[in-house]
Amino acid sequence: MPLRLYNTLGRTTEEFKALVPGKAGFYGCGPTVYNYAHIGNLRAYTTHDVLVRTLRERGYGVTHVMNITDVGHLSGDGDLGEDKMLRSAVERGKTVLEIAEFYAHAFFADIDRMNILRPGIVCRATEHIGDMITLIKRIEANGYTYSAGGNLYFDISRFEHYGDLGMLQIQNLKAGARTDLDQNKRNPGDFVLWFTKSKFENQALTWDSPWGRGYPGWHIECSAMSIRYLGETFDIHAGGIDHVPVHHTNEIAQSEAATGKHPWVRYWIHNEFLILDREKMSKSAGGFLTLQSLADAGYDPLDYRYFLLGGHYRSQLQFSWESLEGARNSRKSLLDRIRGLGAKPVQPGAGSPALARLAAFHEALDDDLSTPRGLAELWGLLRDNTIAPGEALWGLLQMDRILGLKLDAAMEPVPGEDPAFAAEIEAAITRRAAAKAARDFALADSIRGELKEKGIVLEDTKTGTLWRRG
Ligand code: AMP
Ligand code: ZN
């Protein structure tokens with residue numbers, strides 16, 4: 001079955017067809033580094049990771065690009081509010097660049113801990129101002145801009161496809177928007193490409209440009225950097241669902257207005273929100289959970305990864321400590337069972353049921369990245385006692401190439417545990433099997449009892465005896 005993805009552009013699930021066979025260009029909007037990532041943000045990056053890993057398993061050479069926003073992102077996506085970086089710098093008594101450095105570092109530490117693969121290309125907005133200026137010049141030359149109050153605006157009424165992604169009605173935008181906030185705009189949906197008249201007197205970072213000294217609007221960085229690294233048309237662009245009506249809609253308008261090419265991006269992937277207390281979790285609303293808050297409460301970052309994989313990326317996911325606890329328990333019993341297999345991975349021969357299980361797993365992921373079904377297939381493989389332990393282990397490790405749960409760690413000795421311990425249990429299991437074969441059930445039972453006292457539970461299957469910590 002081919003890989004199928006739900007494309008927000010058109011709202012249908014489509015077969016993924018790469019622009020260049022065997023290659024996939026992917027841009028995922030990255031963090032604004034004014035604070036720690038919250039656990040909702042990490043849902044977005046986990047979704048990107050599952051997508052990238054699935055593409056790679058399917059044999060695509062993936063170029064994964066992610067930006068780091070260190071300038072221009074205001075607290076409101078539509079040019080409203082304060083500059084997020086500046087506010088954070090003032091609050092913490094640091095420079096904007098110090099803030100960016102600190103939180104970018106913290107971000108990568110978080111994604112590493114969640115086993116999210118680092119993108120091949122990570123690009124910072126402040127290092128690509130030249131690309132942004134070049135792109136804005138092209139947009140201007142094509143007649144999509146106007147200057148007002150010292151800023152350069154994008155005129156959405158000039159762009160035919162504006163609102164296609166969000167299925168927005170421009171008339172409604174006009175009627176519903178708050179015109180009082182930026183009197184320079186001809187249409188409330190218009191947005192800033194370049195600010196020179198900043199409402200922030202103390203604007204920290206500014207650059208010379210054909211429109212005066214100033215700084216870029218937020219949306220232009222993603223258009224400029226994705227085009228630089230992936231070309232004027234590329235395969236996949238992703239971000240959280242909140243980006244559909246403004247940020248991604250504006251990215252499309254800018255990019256297509258500059259290049260004249262339509263469509264700029266072929267597949268748009270959006271993850272739904274992680275919900276906390278029924279409210280969208282947001283960094284700027286204050287009081288949010290970070291990966292470190294989960295770690296401080298005793299959870300492993302991979303417990304959180306397991307929790308996220310249990311929901312489909314296009315469904316809202318309600319966070320609660322109870323469900324995180326459930327994920328931790330499931331992951332623990334998963335690791336225990338893997339340890340209990342007590343085998344080395346063995347590649348199954350043709351016709352092995354392990355291969356059928358793996359195929360079902362891949363089918364689930366190919367079906368718009370269904371990680372909940374993928375996890376169910378993983379457990380199905382583990383519980384299938386017609387599969388030899390070594391083959392089961394091999395299958396699990398294959399699945400983990402996409403799930404990223406570090407299952408191979410379960411095959412290493414538990415830290416602090418005597419490495420001879422597992423060998424001792426295996427030897428006891430062998431003695432018990434011999435006793436059973438000799439119909440000495442009393443001895444077999446006493447061996448089981450001895451192991452139980454050591455906290456080890458045995459489970460007899462058709463292919464042998466498994467052990468786990470009870
Ligand atoms: P930001 O750092 O605010 O630019 O957001 C980074 C990414 O996280 C974007 O793709 C957002 O759409 C996404 N995002 C923000 N809040 C949530 C949430 N509660 N659940 C899932 N994704 C989110
Ligand atoms: Zn973006």
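Both counts, for ligands and for their atoms, begin at 1 and track the order of listing. What you see below is based on every heavy atom in this structure, not just the backbone, and it leaves out hydrogens, waters and symmetry mates.
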Quiz item: Which is closest to atom 22 (N) of ligand 1 in terms of heavy atoms, Ala238, Gly40, Gly240, Ala37?
Solution: Gly40

Exercise. Check each atom of ligand 1 against the heavy atoms of Gly239 and keep those under 4.0 Å away; list them by number with element.
Key: 10 (O)

Quiz prompt | Heteroatom of Glu251 nearest to the Zn ion (ligand 2) (N, O or S, atom name) | solution = OE2

Quiz prompt | Vertex the Zn ion (ligand 2), arms to Cys222 SG and Cys29 SG, rounded to 10° | solution = 130°

Quiz item: At a 4.0 Å cut-off, with the gap strictly under it, does some heavy atom of His38 reach an atom of ligand 1?
Solution: yes

Quiz item: Between Phe16 and Tyr60, does the ring centre distance come in under 6.0 Å?
Solution: yes

Quiz item: Taking atom 5 (O) of ligand 1 as the point of reference, which of Asn41, Thr47, Leu276, Leu274 owns the nearest heavy atom?
Solution: Asn41

Quiz item: In ligand 1, which numbered atoms sit nearer than 4.0 Å to a non-hydrogen atom of Pro31?
Solution: 2 (O)

Quiz item: Is Arg401 atom CZ crowded by more than 12 heavy atoms from other residues, nucleotides or ligands, each under 6.0 Å away?
Solution: no

Quiz prompt | N/O/S from His243 sitting under 2.8 Å away from the Zn ion (ligand 2) | solution = no

Practice problem: Inspect the surroundings of CD in Glu160 and state if more than 12 heavy atoms from other residues, nucleotides or ligands are less than 6.0 Å away. | Solution: no

Quiz item: Salt bridge between Glu272 and Arg314, side-chain N to carboxylate O under 4.0 Å?
Solution: no

Practice problem: Out of His243, Arg43, His48, indicate the one that has the non-hydrogen atom closest to atom 9 (C) of ligand 1. | Solution: His243

Quiz item: Hey, does Glu272 come in under 3.5 Å of ligand 1, counting only N/O atoms on both sides?
Solution: no

Quiz item: Can you tell if the side chain of Leu309 reaches within under 4.5 Å of the side chain of Val50, non-hydrogen atoms only?
Solution: yes

Self-check item: Which atom of Arg113 lies closest to which atom of Pro301, heavy atoms considered
Solution: O-CB, 3.3 Å

Quiz item: Are His48 and Phe26 an aromatic pair by the rule of ring centers under 6.0 Å?
Solution: yes

Quiz item: If we only count N/O pairs under 3.5 Å, is Trp218 in contact with ligand 1?
Solution: no

Self-check item: ligand 1-proximal atoms of Asn271, by part, heavy-atom distance under 4.0 Å
Solution: side chain

Exercise. Go through the steps to decide whether Ile252 and Asp164 satisfy the test side chain to side chain contact (heavy atoms under 4.5 Å, CB included), and finish with yes or no.
Key: CA-CA 9 Å; Ile252 293 173; Asp164 281 4; over 6 Å; no

Quiz item: Would a distance-only check, ignoring hydrogens and angles, find a side-chain to backbone donor-acceptor pair under 3.5 Å from Ser209 to Trp211?
Solution: yes

Quiz item: How does Asp242 reach ligand 1, if at all, at less than 4.0 Å between non-hydrogen atoms: by side chain, backbone, both, or neither?
Solution: side chain

